[in-house]
Peer 1: 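Sharing a structure, written as C-alpha cells. Questions coming.
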Amino acid sequence: MKNDYIVRNLYRSFVIVSILSALTATVGMLIDNMIVGCYLGSDALGAMGVVGPVSLLLSAFGNICSGGGTARASQALGRGDREQVCRIFTVTMLFAFLVGAALTAIGLFFAPQIAGILGAQGALKELTTQYLYGYFLGALPTLMMTALMGFFRIDGSPRLPILCIAVMTGCNIVLDLAMVLVLHKGMFGMALATAISYFLAVLVGCSHFTKKYNTLKLTAVKGIGKELSSMIVTGAPTAISRISDTLKVMILNNLMVTVIGVGAVTALNVRTQANNIVGALIVGIGQAAIPVTGMFYGEEDKTALRDTLKTSLRIGMALCVAGAVLLLLFPAFFVGIFGVTEPAIMEMSSTAIRLFAVGMPIALTNTILMNFYQSTRKTGLATLICVLQSLVFTVAMAFLLIRPMGSTGVWTAFLFGEIFTFLTVVLYVSIKNGKFSTKITSYMLLEEDFGGNPKDRLELSIGNSMDEVMNLSSGILRLEHDWKIDKKMLNEISLCVEEMAGNVVQHAFKPGEKKWFDVLIVNKPASVVMRMRDNGSAFDPCDYLEMAGDGDKKEGFGIKMISSLADRFDYSRNMGLNVLIIVLNKTDACR
C-alpha cells in the first residue's frame with residue numbers, strides 16, 4: 001500500500017519558504033508602514049494605505065512570474081523535460097525585466113496623476129506622490145526577486161529565498177531608519193530604501209547560478225509569444241486575485257472616505273496590512289502546493305495529487321487556526337505595531353482584525369482550491385474563485401452594509417465574500433459531478449482517464465529495509481493473473497524493482513534513517529512503465545553504469561543489467577527527490 005510520507009515531507013519543505021515568498025512584493029511596504037506609523041504620523045500612514053493598491057498591482061505581475069512560470073516549469077519537470085524548464089525560465093525572466101522597466105518609467109513620469117487616481121486628496125496627495133517616486137524605482141528588482149524565488153525552490157535551492165528575504169528585510173529596516181532619522185528624506189527616502197534593499201536581495205539570490213547543481217539557463221526560445229501567453233494564462237488566477245484586491249481597496253478607500261471619513265481609511269490600511277502579513281500565511285500555504293501539484297500533474301500521479309491537496313488543507317488549517325486565535329486574542333497589539341493611537345481608529349482597526357481572523361480558515365480553503373485548479377490547468381475555475389473572493393462578493397456586501405453598520409459593515413463584507421465564494425465552489429463541483437459530495441477527490445475535478453485505469457496501476461511504499469524490498473519483489477510476481485502478463489515479463493519487472501530499490505536503500509538511505517521509497521507500476525498495452533521515487537540523498541544510478549565493466553568491480557553490474565533490459569532508463573533529481581523511470585517494451589523482439 002502507498003502512503004503519503006514523501007508527499008507530506010515535500011510539501012512541508014516548501015511551506016515556510018512559500019509563506020516568506022508570498023511577502024516578497026509587499027514586505028517592503030509592511031516595514032515602511034510600521035516605521036511611518038511610529039515616526040511620521042497618522043497622515044503619512046494614511047498615505048501608505050492609499051499606495052497599497054500599487055503594491056498589490058506589482059504583486060500581481062510578480063504572481064504571473066512565480067505562479068505561472070513556476071507552475072508550468074513544475075509540470076515540465078514532472079514530464080522530465082529539462083529543456084522546457086529552461087525555456088520557461090528564460091521567458092519568465094524576460095517578462096519580469098520588461099514589465100519592471102515599464103512600470104518604473106510610468107511611475108517616475110506620472111506619480112502625481114497616479115496618486116490622484118488612487119484617491120489621495122489634499123495633504124495626502126503630496127505624501128503619496130513622494131512615496132510613489134521612490135517606490136517605482138524598486139519595481140524592477142522586486143519583480144526579478146519574485147520571479148527568481150519560485151525557480152530557486154524547484155531547482156535545488158529551497159532555502160535561498162529565506163536568505164534573500166532576510167537580507168532585504170535587514171537592509172530595509174536600517175536604510176528606512178537612516179532615511180527618516182538621519183537624512184530626513186521623509187516618504188521618498190522610505191521608498192528609496194526599499195528599492196535598494198530589493199536590489200541587494202537579487203544580488204544575493206544570483207549566488208544560485210554559481211552552484212554545481214544549478215540547471216537554470218537562459219536559452220533561445222522559438223515561439224516566445226506562445227510561451228509567454230501560456231505563462232500569463234497559467235499565472236492569471238493569482239495575478240487577477242491581486243488586481244481584484246487592488247480594485248477592491250481603491251473602491252473601498254473612496255467609499256469609506258465618502259461615508260465615514262479619513263480615519264476609516266487608516267483602519268482599512270491596518271486591515272490590509274493584516275492581510276499582507278498574516279494573510280501571507282494563507283497565500284504561502286496555497287502557493288506551496290503550486291510546484292508540488294504541478295510536478296505530480298505532469299507525472300499524471302492522481303494519488304500524489306490527492307495527498308498534496310489533503311496535506312495542504314491539514315497543515316494549512318493547523319497554522320491558520322493558530323494565527324486566527326492570536327489575532328482574536330490580541331488585536332490591539334497588532335494595531336499598535338503601526339503606531340495607531342487615536343481611540344476611534346484603534347477600535348475600528350481592532351474590529352477589522354477580529355473579523356479578518358474569523359474568516360481565515362474559509363479564505364485558506366478557497367486559496368488552496370484556487371492554486372490546485374491553477375496548477376492542474378483549470379484556469380477558468382481558478383480565475384472565477386479569485387474574482388468572486390477578492391472583489392465581487394466583498395464590494396457588493398460593503399455597499400449594502402456600510403450605511404446600516406458603518407465600518408463594521410465593511411469588515412463583515414470581507415467575511416461574507418469568503419463564505420459566498422466557498423459556497424459557489426461547492427455548487428459548481430456538485431453540478432459538475434452530478435451530486436453533492438464531501439470527498440476530497442470530488443473537488444480535484446481531474447479528467448476521467450487521468451493517470452490511466454486504476455486496475456492497471458500498482459502503487460506501493462516501502463521503508464529503508466531490504467526485507468521490505470524482497471517482499472515487494474515477491475508481490476509483483478503475483479500479478480500474473482490480474483494483469484495477464486507472461487511470467488518472463490513479470491520476472492523482469494520484479495528484477496528491476498528489486499535491484500533499483502535495493503540500491504536506493506544502500507546508497508541513498510542512511511542506516512536507521514526514516515525514509516520511504518514509492519513505486520508506481522503501470523501496465524500499458526505495449527509496455528510496462530515503472531516510476532520509482534524516494535526522498536533520500538541524491539543517487540543517480542547512471543553514474544554506476546560505467547563501473548560494471550571494470551574487471552573485479554561488481555558494483556554497478558545490476559544497474560547495467562537493468563539498463564540493458566529497458567527501452568527507457570531515465571533519472572532526475574526533482575525538488576529534492578530521486579526519480580527513476582524505467583520502461584519495458586512488451587513486444588521487444590528480444591523477449
Peer 1: Might you point out which heavy atoms bring Tyr11 and Ala289 nearest each other, and give the distance in Å?
Peer 2: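 Result for this residue pair: CE1-N, 3.7 Å.
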Peer 1: Answer yes or no: is there a side-chain heavy-atom contact under 4.5 Å between Glu418 and Thr365?
Peer 2: no
Peer 1: So does Phe209 have more than 12 non-hydrogen atoms from other groups sitting under 6.0 Å from CZ?
Peer 2: yes
Peer 1: Determine, stepwise, if the pair Gln374 / Gln287 fulfils side-chain hydrogen bond (donor to acceptor under 3.5 Å, both in side chains).
Peer 2: CA-CA 10 Å; Gln374 177 184 358; Gln287 287 187 349; over 6 Å; no
Peer 1: Quick one, Leu94 with Leu218, criterion side chain to side chain contact (heavy atoms under 4.5 Å, CB included). Give me CA distance, side-chain angles, the key distance, then yes/no.
Peer 2: CA-CA 10 Å; Leu94 179 63; Leu218 297 177; over 6 Å; no
Peer 1: Would you say the side chain of Lys248 lies within less than 4.5 Å of the side chain of Phe414, judging by non-hydrogen atoms?
Peer 2: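 In contact.
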Peer 1: Using a distance-only test with no angle check, is there a side-chain donor-acceptor pair under 3.5 angstrom linking Gln75 and Arg72?
Peer 2: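 There is no such pair between these side chains.
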Peer 1: Mind checking whether Val204 and Met168 have side chains closer than 4.5 Å, heavy atoms only?
Peer 2: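 No; the side chains remain at least 4.5 Å from each other.
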Peer 1: So, do Val395 and Leu247 sit near enough that their side-chain heavy atoms are less than 4.5 Å apart?
Peer 2: no
Peer 1: Does Glu299 form a salt bridge (charged side-chain N to carboxylate O under 4.0 Å, His left out) with Arg531? I'd like the steps, not just the answer.
Peer 2: CA-CA 9 Å; Glu299 293 180 356; Arg531 191 199 61 235; 3.6 Å; yes
Peer 1: Using ring centroids (six-membered ring only for Trp), state whether Phe450 and Tyr297 fall under 6.0 Å.
Peer 2: yes
Peer 1: Among side-chain atoms of Arg533 and Asn578, is any donor-acceptor pair under 3.5 angstrom?
Peer 2: no
Peer 1: Say whether, by atom type as modelled, one donor and one acceptor occur between the side chain of Ser230 and the main chain of Lys226 under 3.5 angstrom.
Peer 2: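 Yes, Ser230 side chain to Lys226 backbone: donor-acceptor pair under 3.5 Å.
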